[in-house]
Amino acid sequence: MNRTINLVVFLLVACFCKAGDVVVTSPDGKMQVKVSDAGGRLYYSVTYDGQDMLLPSALGLKTSMGDLTRDLSITASKKEVVNEQYTMRGTKASKGNYNANALILNIKNKDGVKFDIRFQVSNNDIAFRYEMSRQKWQKKEMKRVRILSEASSFNFSEGTTTFISPQIGPESGWEQTKPSYEEGYSADGAMDKPSQFGHGYIFPALFHLPNGWALVSETGVSSAYCGSHLSDYQAGMGYTVAYPDRGENNGYGTDFAAIPLPGETPWRTITLGTSLKPIVETTISYDVVKPLYEPSTDYKPGRYTWSWLLWQDNSVNYDDQVKFIDLASTMGFEYCLVDNWWDTQIGRERMVELSRYAQSKGVHLLLWYNSNGFWNDAPQTPRNCMNTSIAREKEMKWLQSIGVKGIKVDFFGGDKQETMRLYEDILSDANRYGLQVVFHGCTIPRGWERMYPNYVASEAVLASENLFFGEGATIREGFDLTLHPFCRNATASMDWGGIIMNKWMSRDNKSRHTRKTTDIFEMASGIIMQTSVQCVAMQPNNLDELPQFEIDFLRGLPTTWEETRFIDGYPGKYVVLARKATDGKWYIAGLNAQKEPLTLTLDLSEYSLSDIYIDNKKLEPTLTKLKKDKKGKTKITIQPNGGMIIK
C-alpha cells in the first residue's frame, strides 16, 4: 500500500514539474522556490503555504561573454544544507542561527557558456546569486568577465501595493551630491505608477501582497561589484535589477561590474511572510555574507552628542564643542561628533587640545570628513583626506594619535563599482587605526555590519537634519519613523541622526518651527531605530528643561541588542517592537504616527517589566508603574505622534 501511495505522489510531482523544472523548499517546508528553463528562458517562482507569492520572474545576465538570458538550459542541479551560527556586533540580533536549503543550478547557453545560480532558502528568506567559473569561450580561456546587466526580476501579482523610494538621477540635489538614498517613500502606492525621476527605485523595497508581505534588497556588495536598484515596474515582468546610471560618480567608472573568474554577483534577497513579523526580524543581510577582515580593536558602541543638527555650521568652534562634550560627559555618553569645517573653524592644533579635553571628561571625539575627489561640489572641509590611500594613511594615523575613535564620511557619488571600492578602502584603512566609520550622503549598506567589523551605520534615508531645514519634515517624522522598521532599518543599521528633545528647531529653543512629536515619541525612537552608535541630539539647555525621568532614561539608553521581536504595526502608521539589550533587559517601544489615539492590548506575559513611559491625553510625558492582568496583558493608548516605552 505504501509503495502505491509513493508511486502516486511521484507521478503527481512529475506531472506538475515540467522538464527542466527544479524545486527547493525551506527547512520548514512552507516556502517553495521553483526554477524553470522552459523556452530557453530562466524563471523562478515562489509559493508560501501553497499560495503564490512571486509569479514567474526572470533570471539571467548579459555579459562580455554573451547573452545569458536566452537559449538557456539547466544541465544539472544539486542540493545542500546550510547551517551556520555566528555572532554580531551592533545589529538587531547579536547571534545568528542560519538554516537553509541550497539549490545550485548549472546553466549553459547555446554557445556553451556556463554559469551557476545558487539559491539559499530559509524559512522566510530567499537569497540567490550568479556564479561563473573560468572556461573556454571562442577558443580562449576566460579569466575575467564584464557583467553588463542583469535580468533578475521580482514579479508580484495584481493588487500588490508598494512602500518604495525613487532612485534619483546623477549629479542632482544640493551641490550635485545625489543620488544619496534620501527621497521619500510611497505608502501603499500602486505598482504601475512611474518612478518620480525615471530611474526606478532603491533597495530595500517593501511590497504589500494580497496574501502577505515581501521585502526585496541585496547584500554582499563590496569593492568587487557595483550596487544595484530596481527598475520601474513593467506589467507581466515586475521590477528588474538595474545597475548604476552612467553619469554617477561624475561619469567616472563603469556602469557595469567587472569580476575575475571564478567570481560571483552579490546576493539578491527576498523576505516573505503572511505577516510583517519576518520582515522586521529578518537577518538575511548578514546570514549569507562573511567578515572580510578581523577587527583591529574592540570597537565600542554608545551614544553621541552633535551640535550641528540644530546649532549648524557656526557651532563648529572650540567653545561650543566644549559645551557638547560636557553634555555628553554629564549624560554618560561615549562620544561627541564634531561636524564639517572643524579644520578651519577650530584648526588642527586646537583639535588636538579639544580631543585631550574630551578624553579628560570620559568622552571620545568622532570627526566629519568630505569623501570628495571630484564627484561632488560640496565645499565643506576637511577635503582631500579620504579619497586616496596616501591621504587616508596620513590622516588616520593622526586621528589615532590624538585619541579620535571614529569618522563620519559624507557626500559620495553613487553606486558604481568604483564608488564601492572607495567605501571599502575607507573602512579597511580605518580598521588599521582603530576607527569606527559612519557614512552620510551615501548608498545603503549591504551586509556591511558583518563584512566590515568597524562599520557602524549609514544615513541613506531622508534623515533628522531635514527636521531643521523645513517644517514639512517635522510633519512627516511620525510617518518616516513608523515606516523604516519595516524597510530601510529592517535590512541594515540606519543613522537617522538624532533623538531631538528641543521643542523648537533652533538653538534658543524658542524660534523657527516646532517639533510635532512628543518627548516620549523621541525617546522611544531611540529603541525603534537601530544603530550601535546612536545620536542623542540633546542640547545643553535640555538638562534644565526636561523632566528628570526623561534625562535618566536617555542616560541609560542601550544601543546594542541580543534580540528583536515584532509585536504590532503597519508601515507609516504605527509600530511596536520588543528588543532585548545585551545586558539582558527587555524594552518594548511603540510609535503612533496617526491622527487619532491608538489603543492596543499587549501580551507581556513573557517579559519581566515594571515601568511605562507614555503620553497622557494632554500629550504630557508620564512615568508610571506597569499594570498587567492575571494573563500578563495590558491595555495601552499611544497618543497621536506619541510614543510608549515599557521597561
Side-chain angles (χ1 to χ4, degrees), residues 90 173-182 221-223 227 248-250 299 304 306 308-309 316 335-344 348 351 364-400 404-416 418-446 448-449 451-461 463 465 492-497 531-533 535:
W174 180 79
E175 295 287 3
Q176 292 72 57
T177 55
K178 292 189 176 185
S180 55
Y181 288 65
E182 296 180 25
V221 179
S222 67
S223 63
E248 291 181 20
N249 207 43
N250 200 8
Y299 292 107
Y304 68 90
W306 183 27
W308 184 88
L309 187 61
V316 185
Y335 304 108
C336 176
L337 171 62
V338 185
D339 216 273
N340 55 198
W341 303 115
W342 60 261
D343 58 327
T344 59
R348 289 180 176 272
M351 187 55 70
H364 285 91
L365 298 185
L366 312 173
L367 298 189
W368 184 98
Y369 287 88
N370 194 330
S371 80
N372 38 323
F374 79 129
W375 40 85
N376 69 70
D377 294 333
Q380 286 90 337
T381 62
R383 295 172 59 90
N384 300 314
C385 297
M386 293 292 145
N387 57 320
T388 69
S389 58
I390 294 172
R392 287 191 298 272
E393 185 76 15
K394 178 182 178 181
E395 190 71 11
M396 292 175 177
K397 184 176 182 180
W398 175 73
L399 290 171
Q400 184 186 54
V404 170
K405 294 299 182 181
I407 56 176
K408 171 183 170 181
V409 189
D410 210 338
F411 304 134
F412 288 82
D415 287 337
K416 287 183 175 180
E418 179 68 19
T419 311
M420 295 299 160
R421 179 199 57 77
L422 178 61
Y423 285 115
E424 183 172 276
D425 288 350
I426 290 171
L427 287 160
S428 177
D429 290 348
N431 182 59
R432 291 204 307 277
Y433 292 99
L435 298 169
Q436 299 189 83
V437 181
V438 174
F439 293 122
H440 268 226
C442 57
T443 192
I444 60 160
R446 296 161 165 92
W448 293 356
E449 295 91 329
M451 294 162 64
Y452 308 109
N454 57 324
Y455 170 78
V456 173
S458 294
E459 184 184 30
V461 70
E465 63 191 41
S493 299
M494 180 181 77
D495 190 39
W496 166 256
T531 176
S532 64
V533 182
C535 177

For Tyr299 and Asn431, which I'm curious about, is there any donor-acceptor pair between the side chains at under 3.5 Å? yes
Is a side-chain donor-acceptor pair under 3.5 Å present for Glu459 with Tyr181? no
Would you confirm whether [X], through its side chain, and [Y], through its main-chain N or O, come within 3.5 Å as a donor-acceptor pair?
{"X": "Ser428", "Y": "Asp425", "answer": "no"}
{"X": "Asn454", "Y": "Leu427", "answer": "yes"}
{"X": "Lys416", "Y": "Glu248", "answer": "yes"}
{"X": "Asn249", "Y": "Gly414", "answer": "no"}
{"X": "Trp448", "Y": "Ala457", "answer": "no"}

So do [Y] and [X] actually touch side chain to side chain, heavy atoms under 4.5 Å?
{"X": "Tyr304", "Y": "Val438", "value": "no"}
{"X": "Ser371", "Y": "Asn376", "value": "yes"}
{"X": "Arg432", "Y": "Glu393", "value": "yes"}
{"X": "Thr443", "Y": "Phe412", "value": "no"}
{"X": "Val533", "Y": "Tyr335", "value": "yes"}
{"X": "Thr531", "Y": "Met494", "value": "no"}

Quick one: [atom1] on [X] to [atom2] on [Y], what's the gap to the nearest 0.5 Å?
{"X": "Gln436", "Y": "Ser532", "atom1": "CD", "atom2": "OG", "answer": "6.0 Å"}
{"X": "Asn250", "Y": "Asp377", "atom1": "CG", "atom2": "CG", "answer": "7.5 Å"}
{"X": "His364", "Y": "Cys336", "atom1": "NE2", "atom2": "SG", "answer": "12.5 Å"}
{"X": "Ile407", "Y": "Leu366", "atom1": "CD1", "atom2": "CG", "answer": "10.0 Å"}
{"X": "Lys394", "Y": "Cys385", "atom1": "NZ", "atom2": "SG", "answer": "8.5 Å"}
{"X": "His440", "Y": "Glu465", "atom1": "NE2", "atom2": "CD", "answer": "7.0 Å"}

Between Tyr369 and Leu399, is the side chain to side chain contact (heavy atoms under 4.5 Å, CB included) condition met? List the steps. CA-CA 12 Å; Tyr369 287 88; Leu399 290 171; 3.3 Å; yes
Under the criterion side-chain contact (heavy atoms from CB on, under 4.5 Å), which of Ser493, Ser180, Pro445 is the partner of Ser458? Pro445
Just do the salt bridge (charged side-chain N to carboxylate O under 4.0 Å, His left out) check on Glu424 and Arg421 with the steps written out, would you? CA-CA 5 Å; Glu424 183 172 276; Arg421 179 199 57 77; over 6 Å; no
Identify the heavy atoms of [X] and [Y] that sit nearest to each other, and give their distance.
{"X": "Asn370", "Y": "Gln380", "value": "ND2-O, 3.1 Å"}
{"X": "Gly497", "Y": "Cys535", "value": "O-SG, 3.5 Å"}
{"X": "Leu435", "Y": "Val404", "value": "CD2-O, 3.3 Å"}
{"X": "Arg392", "Y": "Leu422", "value": "NH1-CD1, 3.8 Å"}
{"X": "Pro179", "Y": "Gly413", "value": "CD-O, 4.4 Å"}
{"X": "Val461", "Y": "Glu182", "value": "O-CG, 3.5 Å"}

Mind telling me whether Phe439 and Tyr423 have parallel, tilted or perpendicular rings, with 30° and 60° as the class edges?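 The rings of Tyr423 and Phe439 stand perpendicular, inter-plane angle above 60°.
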How are the rings of Phe411 and Trp368 set to each other: parallel, tilted or perpendicular (split at 30° and 60°)? perpendicular
Under the side chain to side chain contact (heavy atoms under 4.5 Å, CB included) criterion, do Thr381 and Trp341 qualify, and how do the steps go? CA-CA 5 Å; Thr381 62; Trp341 303 115; 3.3 Å; yes
Arg348: salt bridge (Lys or Arg N to Asp or Glu O under 4.0 Å) partners, not counting sequence neighbours: Glu395
Does this structure show an ion pair linking Asp343 with Arg383, if we count only N-O contacts that are shorter than 4.0 Å? no
Who are the ring-ring contact (aromatic ring centres under 6.0 Å, His included) partners of Trp308, not counting sequence neighbours? Trp306
